[in-house]
Protein chains: 2
Amino acid sequence: MVPGMGHCDIHATLERAGLSKTSQRVAVLTALVHAETPLSARDILERVSGEGRINRVTVYRILASFKAGGIIRELATDHGENFFEMACRHNPAHPHFYCRSCRSLACLPSAGNQERWIREYREADEAIETVAIHFTGLCRRCRSENAGHPVRRLRGPRGDRRVSP
Amino acid sequence: MVPGMGHCDIHATLERAGLSKTSQRVAVLTALVHAETPLSARDILERVSGEGRINRVTVYRILASFKAGGIIRELATDHGENFFEMACRHNPAHPHFYCRSCRSLACLPSAGNQERWIREYREADEAIETVAIHFTGLCRRCRSENAGHPVRRLRGPRGDRRVSP
DNA sequence: AAACTCTTTGCAAATGAGTTGCATTTATTG
DNA sequence: CAATAAATGCAACTCATTTGCAAAGAGTTT
């Protein structure tokens, strides 16, 4: 996340998307604007439970409306848990890193030429609406906590492993 | 998929990964090697049901072992359904296009500089194990069948839509 | 070939993210 | 302020994927 993104105006953002300013929407959008990393629906539910207490289903519906309104981006992971982040001008599209052990999602800086590269693909087929660049592996924390989070491995193959046929 | 990938030797591939050649593994690998596009677990189950009839759970376990052995890649989608494709030398990593309407996944050709670009990111953090580049939108078929697959839209906003705050 | 051991498979049941139907509440408009 | 449309909450559901456990296979040793 880009520092300073928290400055996005909640009410103006909702208005621009044509969404009425219900307390639930304000709460969800506030959580997203202040998030350091992309949030899952569960993350949002937790962060919002302090105040008015929102229903789980409502969170999903609000996220769907935000996505349709172009306010947020949705990020898919291998494990079926999706994450959400602001899609405002302070937070342009960038790659993400997903830890397959702790299942956290972190933002990566954009490569210098990434924007242009993405644009080329967009031009090749105007039906493209979103582009996601997704790295996976083990995050630093899980790498050091190796004992607790052992890397899953099958029985060691006879010859080499990971060789293309 | 790359034409000619079907030439991958099933038995040699399993052997190299240190996996015993059970009839179920051979069937799943055969389906993947001959697939024109990435397959979901359900796709594989369907294609394999002709012969020996494999249990759903077994397919998932076989796919997990193939992935751990570096034989296949797993591709995540927004809707929690994952796809799988060969990771052999005939099928180097490439971007994919996911249709949000019919939920099909298609392969895209690699951009000329993609390999280098990916390598740069890998070097930046050696923990990175996989890289996925994922486009979404509406496929050609769903675009023309617009009547049957209407694009979901919220009530039209007063001002402009999709404007960043 | 029987006995052992380890791996793989099948079945049933669970998990967990996300969705749908419907009644109720809240916003917005006239 | 009543009328109308949108948003929320609740319960129950779908569906991909996972887990526990017992039965079936494979490979090895005696």
Side-chain angles (χ1 to χ4, degrees), chain A residues 11 14-15 17-29 38-46 48-49 51-69 72 74-84 98 100-101 103 105 152-158, chain B residues 11 14-15 17-29 38-46 48-49 51-69 72 74-84 98 100 103-105 152-158:
Chain A
H11 292 268
L14 288 175
E15 206 154 299
L19 297 169
S20 55
K21 287 169 268 189
T22 67
S23 65
Q24 291 89 337
R25 281 180 181 152
V26 169
V28 171
L29 189 52
L39 302 179
S40 68
R42 188 151 43 97
D43 291 334
I44 292 171
L45 205 49
E46 280 168 12
V48 148
S49 282
E51 45 235 274
R53 214 165 220 61
I54 305 184
N55 186 271
R56 198 168 51 92
V57 177
T58 302
V59 169
Y60 281 112
R61 284 197 273 233
I62 286 175
L63 289 171
S65 70
F66 284 3
K67 192 184 170 189
I72 60 173
E74 183 167 11
L75 311 161
T77 71
D78 278 352
H79 294 92
E81 187 182 27
N82 290 178
F83 288 77
F84 301 86
Y98 182 67
R100 65 176 160 78
S101 174
R103 303 186 178 186
L105 190 70
R152 233 87 63 71
R153 276 246 123 245
L154 291 200
R155 114 173 107 102
R158 231 189 329 274
Chain B
H11 293 268
L14 288 174
E15 205 153 300
L19 298 168
S20 54
K21 288 169 267 188
T22 67
S23 64
Q24 291 90 335
R25 280 179 181 153
V26 170
V28 170
L29 188 52
L39 302 179
S40 67
R42 188 151 42 97
D43 290 334
I44 292 170
L45 205 49
E46 281 168 11
V48 148
S49 283
E51 46 235 273
R53 213 164 220 60
I54 305 184
N55 186 270
R56 200 164 44 94
V57 177
T58 303
V59 169
Y60 281 110
R61 285 196 272 231
I62 286 176
L63 289 171
S65 71
F66 284 2
K67 191 184 171 191
I72 60 174
E74 182 167 12
L75 311 161
T77 71
D78 278 352
H79 294 92
E81 187 183 29
N82 291 177
F83 287 77
F84 302 86
Y98 182 66
R100 63 175 161 79
R103 303 187 177 185
S104 63
L105 190 69
R152 234 87 64 71
R153 276 243 122 247
L154 291 200
R155 113 171 109 101
R158 232 191 328 275

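Here the structure is a predicted model, which means the values were calculated and not measured. Naming: A, B, ... by sequence-line order, numbering from 1 per chain.
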*Atom pair distance, as rounded to whole Å: CG in D43(B) and P in dT17(D)*: 11 Å

_With nearest nucleotide decided by heavy atoms, which residue, R61(A) or Q24(B), maps closer to the 5′ end of DNA chain C?_
Q24(B)

*What pairs with T22(B) under side chain to side chain contact (heavy atoms under 4.5 Å, CB included), at least two apart in sequence or on another chain?*
S20(B), Q24(B), R25(B)

*dT7(C) C1' sits how many Å from L14(B) CG, rounded?*
15 Å

*Give a yes/no answer on whether the side chain of S20(B) brings an N or O atom under 4.0 Å of OP1 or OP2 in dT7(C).*
no

*Could you state the atom-to-atom distance from CG of L39(B) to P of dA16(D) in whole Å?*
15 Å

*With sequence neighbours excluded, what pairs up with H79(A) under the side-chain hydrogen bond (donor to acceptor under 3.5 Å, both in side chains) test?*
Y98(A), R103(A)

_Output the rounded distance in Å from NZ (K21(A)) to C1' (dA7(D))._
16 Å

*In whole angstrom, what separates I54(B)'s CD1 from dG25(D)'s C1'?*
15 Å

*Residues two or more places apart in sequence or in another chain: which of them pass side-chain hydrogen bond (donor to acceptor under 3.5 Å, both in side chains) with E81(B)?*
S40(B), R42(B)

*Let me know the distance between CG of L19(A) and P of dT28(C), rounded to the nearest Å.*
11 Å

*Set of residues satisfying salt bridge (charged side-chain N to carboxylate O under 4.0 Å, His left out) with respect to D43(A), sequence neighbours excluded*: none

*Protein proximity profile, nucleotides 12-19 of chain C - base contact B, sugar-phosphate-only contact S, no contact -, cut-off 4.0 Å on heavy atoms*: BB---SBB

*asked:* Under the rule for side chain to side chain contact (heavy atoms under 4.5 Å, CB included), what residues qualify as partners of R61(A), not counting sequence neighbours?
replied: V57(A)

*Between atom CG of L14(A) and atom CZ of F66(A), what is the distance when rounded to the nearest 0.5 Å?*
5.0 Å

*When you measure from the side chain of T22(A), which nucleotide among dT28(C), dT8(D), dT9(C) comes out closest?*
dT8(D)

